[in-house]
Amino acid sequence: MEILAHDIPADADSIIKVQGLNKWYGDFQALRDIDLTVRRGERIVICGPSGSGKSTLIRCLNRLEQHQSGTVIVDGVELDDSIRHIEAIRNEVGMVFQHFNLFPHLTVLENCTLAPIWVKRLPRAQADAIAMKLLERVKIADQSHKYPGQLSGGQQQRVAIARALCMSPRIMLFDEPTSALDPEMVKEVLDTMVALARDGMTMLCVTHEMGFARAVADRVIFMDNGEIVEQAPPQEFFAHPKSERTKQFLDQVLDR
Amino acid sequence: MSTLRPVVHRAPSERVLAWLRANLFSSPANTVTTVLVVALIAWLGGRFAEWAVLDAVWGKAGVAACNALAGEGACWAVVAEKWRQMLFGIYPPAEQWRPAAAVVLLCAMLVVSAMRGFWRPWRFAGVWIVGTAICAWLMGGGLGLARVETAQWGGLPITLMLAVYGTFLAFPLGVLLALGRRSQLPIIRSVSIAYIELVRGVPLITVLFMASIMFALFLPEGISFDKLLRAQVAIVLFNAAYIAEVVRGGLQALPRGQYEAADALGLGYWKTQLLVILPQALRITIPAQVNSFIDNFKDTSLVIIVSIFDFLYAVKQSVVSDLDWRHYFIEGYLFAMAIYWVFCYAMSRYSQWLERHLNRDRRS
């Protein structure tokens with residue numbers, strides 16, 4: 001990445017730096033003065049009521065949403081209007097969506113090799129080998145020649161994870177990855193994510209799965225009304241929530 | 001255990017009777033309607049069969065045999081007599097093997113392009129560039145063949161050429177216009193919208209007039225393009241606007257998530273469109289596309305307005321300009337109808353196959 005050497009010197013420890021981030025949709029302010037620093041290898045779970053801005057926040061990290069003020073620096077590259085910067089960041093950041101967003105006209109394998117072949121310019125054989133290895137890792141290699149429409153929701157989401165991993169990202173963003181799944185399929189996807197977390201991937205995960213947060217998160221962030229209300233390691237977060245809004249939210253999602 | 005009712009297997013003849021009773025003879029009024037409609041169809045069909053087949057004059061029977069019928073039967077002899085003029089217009093008769101070969105070649109190119117093995121950019125481009133060059137050589141001459149000016153071209157080759165190139169060249173342009181209309185860039189978007197709305201707002205005939213007469217006025221003295229080429233360009237530009245709107249419909253049908261997934265993978269605008277969006281959007285729009293292809297094919301008959309002699313005109317002219325045969329234009333038009341129908345029906349069947357074939361992958 002020598003073309004980016006003139007940019008912000010990469011902090012050895014932090015991989016994402018967000019400062020004073022604001023985002024409006026028309027008159028509605030979706031994010032208010034967000035400050036967030038993510039260390040390399042850190043696993044963060046972001047939770048909060050719907051409409052609290054948690055999806056918008058992670059979508060601002062790879063420019064699926066454009067912020068209006070503040071700075072976002074991902075792996076030493078500032079996210080601004082420069083297409084080169086946006087592309088560089090998107091190469092570093094993988095994303096998994098609530099509704100999988102697999103390409104229905106391509107097979108599972110083709111979904112995984114599309115970007116490596118066309119963006120990273122890998123030879124097809126090499127892209128295939130990498131994809132098969134990663135499909136193996138999400139335990140779905142035997143379905144590689146099927147089309148997404150022929151798979152269950154849980155299988156599709158695992159393919160989506162493999163597809164993102166095929167670009168060898170340094171950061172993975174998960175936008176409510178289990179919210180659209182039938183209950184019996186949630187576990188297979190969470191297991192995949194847990195395995196990924198154990199391998200040291202930097203992860204930001206918007207989810208209501210508090211069990212997942214407890215098992216792997218280094219930090220849980222609670223958002224409400226476009227703000228970060230509270231953040232703490234999971235033990236502390238669940239045992240001693242500080243703000244009233246956090247307590248209310250936890251009461252609802254944890255059924256206690 | 002649930003109790004299963006025994007399935008009654010009825011003989012096929014019994015099933016037909018039951019269907020008839022239930023659908024056609026369920027009430028007195030229904031019965032009367034059925035009988036009347038069947039009688040009408042039988043009478044009309046019988047009359048037509050009598051005229052077109054039983055009492056008709058077949059083969060090269062000569063005009064006297066037809067006149068002797070006094071209109072009681074069809075005079076297919078007119079087709080047997082005039083088919084070369086009908087198919088090739090005023091192309092020099094001694095050279096008419098050339099347009100015939102061009103038509104066969106063009107049809108072969110279409111058939112080859114319809115096969116999945118040829119859906120590779122280089123093969124496809126190769127077939128069409130080489131094929132088009134050979135067609136142009138066959139029709140126009142040079143390199144050992146006698147020269148034939150485009151003013152003498154006519155008949156089926158003209159109709160096929162205007163339709164095929166009018167569709168194939170309009171297609172990429174239409175896709176670009178559709179993408180342009182959805183572009184984030186205001187200039188590209190407004191130019192696309194203006195173009196589409198302008199062209200869709202005028203009849204093809206006026207565009208052909210523009211291309212044929214007005215266009216020449218804008219060019220400097222002494223420079224002129226071939227009239228046929230101008231009409232071809234006009235048809236391409238006209239069809240592109242319609243194709244653009246069909247494609248736009250397909251683009252709008254795709255969920256936002258497809259764009260977001262492609263963005264998140266870093267694919268960029270053109271790769272996203274070519275690899276992710278268009279393959280899906282074009283697949284959705286096959287029925288509407290084929291509809292406009294069939295329209296385009298039939299609309300080529302309008303070029304007669306700028307004195308280009310297409311197939312329909314060649315058929316008419318070959319009959320009515322002959323004092324002996326001039327009464328038998330109905331048979332001529334039926335012949336033209338049959339040829340048009342064969343091409344349009346082939347397109348329709350192909351699109352049905354294409355839809356099934358492309359969707360086969362995706363059935364869960």
Side-chain angles (χ1 to χ4, degrees), chain A residues 55 58-59 61-66 83-84 86-107 110-121 145-153 155-156 159-160 163-167 169 171-175 180, chain B residues 116 119-122 175 178-179 182-188 247 249-289 351 353-364:
Chain A
S55 287
I58 65 166
R59 289 159 62 90
L61 299 179
N62 66 348
R63 247 314 149 96
L64 288 188
E65 302 287 351
Q66 200 170 338
I83 296 209
R84 240 176 36 188
I86 294 173
E87 280 175 358
I89 287 173
R90 283 176 176 169
N91 275 340
E92 300 285 300
V93 179
M95 188 161 202
V96 174
F97 300 87
Q98 181 176 4
H99 296 288
F100 332 133
N101 297 355
L102 293 175
F103 305 130
H105 61 300
L106 300 177
T107 63
E110 288 164 345
N111 263 278
C112 293
T113 56
L114 187 75
I117 290 173
W118 290 94
V119 180
K120 288 203 159 173
R121 307 241 157 242
H145 289 286
K146 287 196 178 167
Y147 286 87
Q150 297 166 308
L151 303 182
S152 74
Q155 290 173 320
Q156 289 192 49
V159 172
R163 176 176 72 177
L165 292 176
C166 279
M167 291 295 282
I171 302 163
M172 284 286 284
L173 307 176
F174 292 84
D175 189 1
Chain B
R116 192 158 198 176
W119 297 351
R120 303 270 180 284
W122 287 113
V175 169
L179 294 177
R182 288 168 59 85
S183 169
Q184 311 271 334
L185 307 171
I187 294 178
I188 291 181
V247 172
L251 294 174
Q252 275 172 348
L254 290 191
R256 247 174 80 89
Q258 293 291 305
Y259 292 91
E260 291 181 349
D263 280 348
L265 288 168
L267 278 170
Y269 180 80
W270 286 107
K271 284 173 194 159
T272 300
Q273 298 299 341
L274 288 172
L275 300 170
V276 175
I277 303 302
L278 286 173
Q280 297 183 63
L282 296 182
R283 186 183 298 201
I284 303 171
T285 56
I286 289 172
Q289 296 285 8
S351 85
W353 174 83
L354 196 60
E355 267 178 78
R356 265 202 315 276
H357 183 78
L358 291 178
N359 288 332
R360 196 178 54 183
D361 317 339
R362 301 202 294 167
R363 215 167 293 149
S364 39

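In this text, all values refer to a predicted model and were calculated from it rather than measured experimentally. Here is how names work: the chains are called A, B, and so on, in the same order as the sequence lines, proteins then strands, and each is numbered from 1.
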Residues at least two apart in sequence or cross-chain that pass side-chain hydrogen bond (donor to acceptor under 3.5 Å, both in side chains) with Asp175(A), listed by chain then number, are Ser55(A)
To the nearest 0.5 Å, atom CG of Asp263(B) lies from atom CZ of Arg63(A) at 11.5 Å
Separation between CG (Asn62(A)) and CD (Glu260(B)), nearest 0.5 Å, reads 9.0 Å
Below 4.5 Å from any heavy atom of chain B, which atoms of [X] appear? Answer side chain, backbone, both or neither.
{"X": "Arg59(A)", "value": "side chain"}
{"X": "Ile89(A)", "value": "neither"}
{"X": "Phe97(A)", "value": "side chain"}

Expected contact set for residues 110-118 of chain A against chain B at heavy-atom separation under 4.5 Å reads Leu114(A), Ala115(A), Trp118(A)
> For Trp119(B), does the CH2 atom sit with more than 12 other heavy atoms under 6.0 Å from it, leaving out its own atoms?
Replying inline: yes
In short, Arg90(A) meets Gly266(B) closest at the heavy-atom pair CB-CA, 4.1 Å
With a 4.5 Å cut-off on side-chain heavy atoms, are Leu265(B) and Val119(A) touching?
no
For Ile83(A), the side chain to side chain contact (heavy atoms under 4.5 Å, CB included) test, sequence neighbours excluded, returns Glu87(A)
For residues 270-279 of chain B against chain A, heavy atoms under 4.5 Å, the residues are Lys271(B), Leu275(B), Val276(B), Pro279(B)
